[in-house]
Amino acid sequence: MKTLLEVSGVSVSFDGFRAINNLSFQIGSAELRAIIGPNGAGKTTFMDIVTGKTRPDAGRVIWGDKSVSLLGLSEAQIARAGVGRKFQRPTVFEDQTVRDNLILALKKPRDAWSAILFRASKADLGRVEELASEIGLWERLDDPSGALSHGQKQWLEIGMLLAQDPQLLLVDEPAAGMTPAEREQTTKILVEAAKTRAVVVVEHDMEFVRRLNCKVTVLHEGAVLAEGSLDHVTSNQEVIDVYLGR
Ligand SMILES: Nc1ncnc2c1ncn2[C@@H]1O[C@H](COP(=O)(O)OP(=O)(O)OP(=O)(O)O)[C@@H](O)[C@H]1O
Ligand SMILES: [Mg+2]
C-alpha cells in the first residue's frame, strides 16, 4: 500500500513532560487504522500534531504523493491539503436541515461572494443525498439538525467532513456517548468511508475496534508499543500490562 502519512521521530513536551516521544509510524492511502492505548498515551496529541494544532519539538510529518512536510503548514493549509478531523463536540448548524448542513459543507470556493452567490447545482444535491445515505440520515434530510440524537449529529458531522472529500479523516473517540446501536452504525460508516480514503480512529471501546476489523496501533507514553491485528496486539504481554489489564 502507498504511504499517505509518515510520522517519524516526532517528539513534543509540555512543561518538560514528553507527551510524544520519538513517535514513528505510517498510514497507507486507503487504510482504516485504529489507535488504542491508555489515557495520556498521546493519541489526541498525535492528531493535534498532524492537523497543525500542536507543533512538535522534533521529527518529521510527511504527507502525500509529493512528500510535503505538514510541519511548515498552517491548520487551514493542512485542512486544504486533505486532512479532515472530527472533533468530539458536533458543530452542526442546529436550525438548518440535514440537507442544508451537507450543502454548506460541500467543497466549494469559500470567499464571501461565492458563499453568498452559491446555489447548489443538481450534481451538488445528488452528492448530498449520496452522503446522507452513507451516514444513514437519508430519511432525515429535511429535518432540522437540532432534532437529531447525539449519535445522529455525530454522523452528520462525519458526513460534513466527507463532503470536503478529505484524503485522511481523523476521528477521536467517535463512540463516546452513543447507544450500542449507534456505535454499530458508526463502525459501518467509518469502514465504508475508508474504502476511498484513509481513516484513523482513536477509540477505547474494544468491541468497536474489533468491528473495524483493521490494523491496530497501540500507543503508550507517546510511542508505538505494538502494531498489527487486534488479536496480535491484545495478546502482547506489555499491552495487557499497560492497557488491557488495568
Ligand atoms: N496542550 C497541552 N498542554 C499540556 N499538556 C498536554 C497538552 N496536550 C496534551 N497534554 C498532556 O499530554 C499527555 C498526552 O495527552 P493526550 O490527550 O494526547 O492523551 P490521549 O492518549 O488522547 O488520552 P485519552 O485516552 O485520555 O484521550 C497527557 O499527559 C496530557 O495531559
Ligand atoms: Mg484523547
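Start at 1 and go down the list; that is how both ligands and their atoms are numbered.
The shortest N/O to N/O separation between F46 and ligand 1 does not fall below 3.5 Å. Of the polar atoms of H204, at least one N or O is found under 3.5 Å from an N or O of ligand 1, judged by distance alone. Considering backbone and side-chain atoms together, G40 places an N or O closer than 3.5 Å to an N or O of ligand 1.
Near T44, meaning under 4.0 Å from one of its heavy atoms, ligand 1 places the atoms 17 (O), 18 (O), 20 (P), 22 (O), 27 (O).
Between the side chain of K43 and the backbone N or O of G37, at least one donor-acceptor pair lies under 3.5 Å. In terms of modelled atom types and a separation under 3.5 Å, the side chain of T54 and the main chain of D48 share no donor-acceptor contact. For E130 (side chain) and R127 (main-chain N/O), no donor-acceptor pair under 3.5 Å exists by modelled atom type.
When distances from atom 31 (O) of ligand 1 to the protein are checked, no heavy atom turns up under 4.0 Å. Distance remark: protein heavy atom present below 4.0 angstrom from atom 7 (C) of ligand 1.
For atom 27 (O) of ligand 1, the nearest non-hydrogen atom of the protein is E173 OE2, 3.4 Å. Of the protein's non-hydrogen atoms, A19 CB, 3.2 Å is the one closest to atom 12 (O) of ligand 1. Ranking protein heavy atoms by distance to atom 26 (O) of ligand 1, first place goes to N39 ND2, 2.8 Å. Protein heavy atom in closest approach to atom 11 (C) of ligand 1: F14 CD1, 3.9 Å. Nearest to atom 15 (O) of ligand 1 among the protein's heavy atoms is T45 OG1, 3.6 Å.
At least one heavy atom of G42 sits less than 4.0 Å from an atom of ligand 1.
Following chains of ILVMFWY side-chain contacts shorter than 4.5 Å, one cannot reach I35 starting from M206, and the two form parts of different hydrophobic clusters.
With respect to D172 and K86, no salt bridge is recorded, no charged nitrogen being found less than 4.0 Å from a carboxylate O. Contact check on E207 versus R210 returns no salt bridge, with no Lys/Arg side-chain nitrogen under 4.0 Å from an Asp/Glu carboxylate oxygen.
Under 3.5 Å, the side chains of R60 and S69 contain no donor-acceptor pair of N or O atoms.
Proximity of F17 to ligand 1, defined as any heavy-atom pair under 4.0 Å, is confined to the side chain (atoms from C-beta onward).
With rounding to the nearest 0.5 Å, the separation of CG in L131 from CG in L141 is 10.0 Å.
Among the backbone and side-chain atoms of T44, an N, O or S atom lies under 2.8 Å from the Mg ion (ligand 2).
The shortest distance between side-chain heavy atoms of R197 and D165 falls below 4.5 Å.
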